[in-house]
Amino acid sequence: MKAVVTLNSGSSSIKFALFDLDHGRHLALSAGGKIERIGIAPRLEIHSGDGALLSRHEWPDQSEHTHDELLAWLFDWIGTHLEGREVIAVGHRVVHGGTDFARPCLVDDIVLGELERLCPLAPLHQPHNLAAIRTIARLVPDLAQIACFDTAFHHDRPALTTRFAIPRELHDQGIRRYGFHGLSYDYIARRLAELDPQMAAGRVIVAHLGNGASLCAMAGGKSLDTSMGFTALDGLMMGTRSGTIDPGVILYLQNETGMSAQDVEHMLYHRSGLLGVSGISSDMRTLTESSAPEAAEAIDLFVWRAAREAAALAASLGGVDGIVFTAGIGENDANVRSRICRRLDWLGVEVNEIANAANDPVISLPSSRVKVRVIPTDEEHMIALHTLAILFGGTA
Ligand code: ADP
């Protein structure tokens with residue numbers, strides 16, 4: 001049987017999935033897992049498609065285990081667990097496709113060079129994504145590798161929503177709003193079209209609320225606007241990222257307090273968001289369980305900022321017919337969902353608190369002008385679908 005591997009290689013984690021390819025291009029998850037805490041004391045867990053634990057491993061000595069070595073370990077594990085399967089391609093999540101990469105594509109040396117040039121636009125993600133491609137090329141030289149971009153879903157949206165109000169030449173140099181989480185939004189747009197074609201045809205705000213968080217305004221399943229901009233730092237408050245901030249704060253910190261550009265970058269990406277405001281944790285579950293007033297304030301701010309950005313996207317859409325919650329917080333945290341929805345009641349959102357508490361697929365009341373759904377996202381599945389489309393033609 002043929003199989004496809006998906007990889008999402010980040011700064012401190014590598015997520016992977018192995019999909020079997022049944023007849024007629026049907027994908028079935030056979031294994032998936034994550035190596036976390038790379039650079040500290042890496043640990044790995046792999047589960048089968050039906051959730052059984054297949055492997056758990058820890059590497060206590062940090063210095064020995066680079067991304068490169070851990071990926072080699074993972075491919076070794078895959079190799080010994082193939083049981084007659086043949087891996088025909090690896091699909092990668094690549095954060096930035098810039099202005100040129102509007103669709104997933106097969107990676108060769110020329111493409112890799114072009115993607116390399118985009119590293120300054122996503123310095124914390126892109127280099128790790130590309131390093132994984134290079135590692136696989138070294139380990140299995142002839143294996144097809146497909147890059148799937150987080151920016152691509154937003155590529156064809158109205159040009160106006162890609163602009164910052166800065167001099168034209170800077171826009172022309174690529175300083176523009178790209179938008180991210182596109183693989184998740186692509187998946188949600190397709191699932192919504194299957195589950196509820198009427199809602200999918202309308203004006204929908206999708207809230208991807210995980211460690212990274214953003215919103216996407218979709219009209220008829222296409223991105224029209226999104227809360228993230230030039231980098232994955234913009235928009236909502238996140239686990240450790242600030243989201244939108246007055247750029248004057250950054251100027252002040254650098255000009256008046258002696259913080260270096262690197263200090264500011266570290267503060268905005270790693271010490272802000274839920275962690276920065278609570279002083280306790282970047283993890284929503286931990287904050288929910290805490291009785292500290294700072295934890296409550298961090299959650300209040302997260303909710304308010306999400307509702308405020310949603311209202312901005314409602315203006316972009318000219319009204320809202322539906323809202324979809326997804327990702328770790330969006331799929332699981334009924335309290336956060338309810339509080340965001342209640343702040344949007346003036347848009348016609350009426351939450352069914354019982355359905356919401358039960359994490360039901362539809363959490364709005366029948367009388368609600370805006371239908372609210374919870375849909376689990378699956379970026380790995382989306383990568384695998386794109387990978388097949390590149391290999392065998394057609395659309396994903
Ligand atoms: P990533 O961006 O790393 O993929 P996830 O989508 O896994 O992030 O989301 C992680 C966030 O989801 C964390 O803040 C975590 O606390 C939160 N989360 C996960 N499960 C729950 C839950 N049952 N209740 C509340 N929050 C949850």
Side-chain angles (χ1 to χ4, degrees), residues 12-13 36 180-181 184 188 205-217 226-229 232-246 249 266-314 320 323-347 349-365 368 370 372-377:
S12 65
S13 71
E36 293 175 291
F180 298 88
H181 287 138
S184 174
I188 296 294
I205 294 175
V206 182
H208 177 110
L209 307 178
N211 278 317
S214 72
L215 304 179
C216 180
T226 185
S227 62
M228 276 182 175
L233 196 53
D234 202 6
L236 303 187
M237 176 177 174
M238 305 178 218
T240 61
R241 286 173 252 169
S242 64
T244 300
I245 184 170
D246 177 349
V249 172
H266 189 260
M267 184 273 288
L268 293 173
Y269 274 98
H270 299 295
R271 291 176 42 225
S272 297
L274 292 172
L275 174 65
V277 175
S278 69
I280 296 169
S281 174
S282 62
D283 192 287
M284 186 60 93
R285 263 171 305 191
T286 308
L287 297 184
T288 305
E289 286 157 14
S290 166
S291 57
E294 292 84 358
E297 191 174 24
I299 300 172
D300 289 349
L301 189 59
F302 182 91
V303 165
W304 172 66
R305 290 278 301 273
R308 192 170 185 264
E309 289 279 348
L313 293 191
V320 183
I323 297 175
V324 176
F325 286 97
T326 193
I329 298 168
E331 290 166 27
N332 297 297
D333 194 326
N335 181 49
V336 165
R337 281 195 307 254
S338 164
R339 291 182 59 194
I340 293 172
C341 286
R342 277 185 271 136
R343 279 189 171 272
L344 297 172
D345 61 358
W346 55 275
L347 277 172
V349 181
E350 293 176 74
V351 187
N352 176 342
E353 295 294 354
I354 295 167
N356 183 44
N359 286 332
D360 280 357
V362 177
I363 59 165
S364 51
L365 291 167
S368 184
V370 177
V372 187
R373 284 184 167 273
V374 178
I375 303 180
T377 194

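Just so we're clear, the structure is a prediction, and the values are computed from it rather than from any experiment.
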Contact check, side chains of [X] and [Y], non-hydrogen atoms, under 4.5 Å:
X	Y	value
Cys341	Val372	yes
Asn359	Val374	no
Thr240	Arg271	no
Ile299	Thr288	yes
Leu274	Met238	no
Thr377	Ile188	yes
Leu287	Ile280	yes
Met284	Phe302	yes

Could you report the tightest heavy-atom contact between [X] and [Y], atom names first, then the distance?
X	Y	result
Gly330	Arg337	O-NH1, 3.0 Å
Val362	Ala355	O-CB, 3.5 Å
Phe180	Ala232	CE1-N, 3.6 Å
Val320	Ala314	CG2-CB, 3.5 Å
Ala327	Gly210	CB-N, 3.8 Å
Leu344	Val349	O-CG2, 3.4 Å

Query raised in the report: Are the charged groups of Arg342 and Glu353 less than 4.0 angstrom apart, N to O?
Result: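 Glu353 and Arg342: salt-bridged.
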Query raised in the report: Should Asp333 and Arg285 count as an ion pair when the cut-off is N to O under 4.0 Å?
Result: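 No.
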**Report entry** Chi angles and distances behind the side-chain contact (heavy atoms from CB on, under 4.5 Å) call for Ser227, Leu236
**Finding:** CA-CA 7 Å; Ser227 62; Leu236 303 187; 4.2 Å; yes
Between [atom1] of [X] and [atom2] of [Y], what distance do you get to the nearest 0.5 Å?
X	Y	atom1	atom2	result
Arg308	Met237	CZ	CE	13.5 Å
Leu275	Ser282	CG	OG	5.5 Å
His181	Leu209	NE2	CG	9.5 Å
Ser281	Glu289	OG	CD	9.5 Å
Asn356	Ile363	CG	CD1	4.0 Å
Ile340	Ile323	CD1	CD1	9.0 Å

State which residues pass side chain to side chain donor-acceptor pair (under 3.5 Å) with [X]; sequence neighbours excluded, sorted by chain then number.
X	answer
Arg373	Asp196
Glu331	Thr326
Arg305	none

Query raised in the report: Where do Val303 and Arg343 land on the side-chain contact (heavy atoms from CB on, under 4.5 Å) test, with the steps shown first?
Result: CA-CA 9 Å; Val303 165; Arg343 279 189 171 272; 4.1 Å; yes
Query raised in the report: Are Met267 and Ser272 close enough, and set up right, to give a side-chain contact (heavy atoms from CB on, under 4.5 Å), and what steps lead you there?
Result: CA-CA 6 Å; Met267 184 273 288; Ser272 297; 3.4 Å; yes
Query raised in the report: His208 and Ser184: side-chain hydrogen bond (donor to acceptor under 3.5 Å, both in side chains), yes or no, with the steps?
Result: CA-CA 8 Å; His208 177 110; Ser184 174; 2.8 Å; yes
Report task. List the steps, then state whether salt bridge (charged side-chain N to carboxylate O under 4.0 Å, His left out) holds for Arg339 with Asp300. Result -> CA-CA 9 Å; Arg339 291 182 59 194; Asp300 289 349; 2.6 Å; yes
Report task. Kindly say whether Glu350 contributes a backbone atom to a donor-acceptor pair with the side chain of Ser368 at under 3.5 angstrom? Result ->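 Between the backbone of Glu350 and the side chain of Ser368 there is a qualifying donor-acceptor contact (under 3.5 Å).
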Query raised in the report: Is it true that the side chains of Thr244 and Asp234 contain a donor and an acceptor less than 3.5 Å apart?
Result: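 The criterion, which ignores hydrogens and geometry beyond distance, is satisfied for Asp234 and Thr244.
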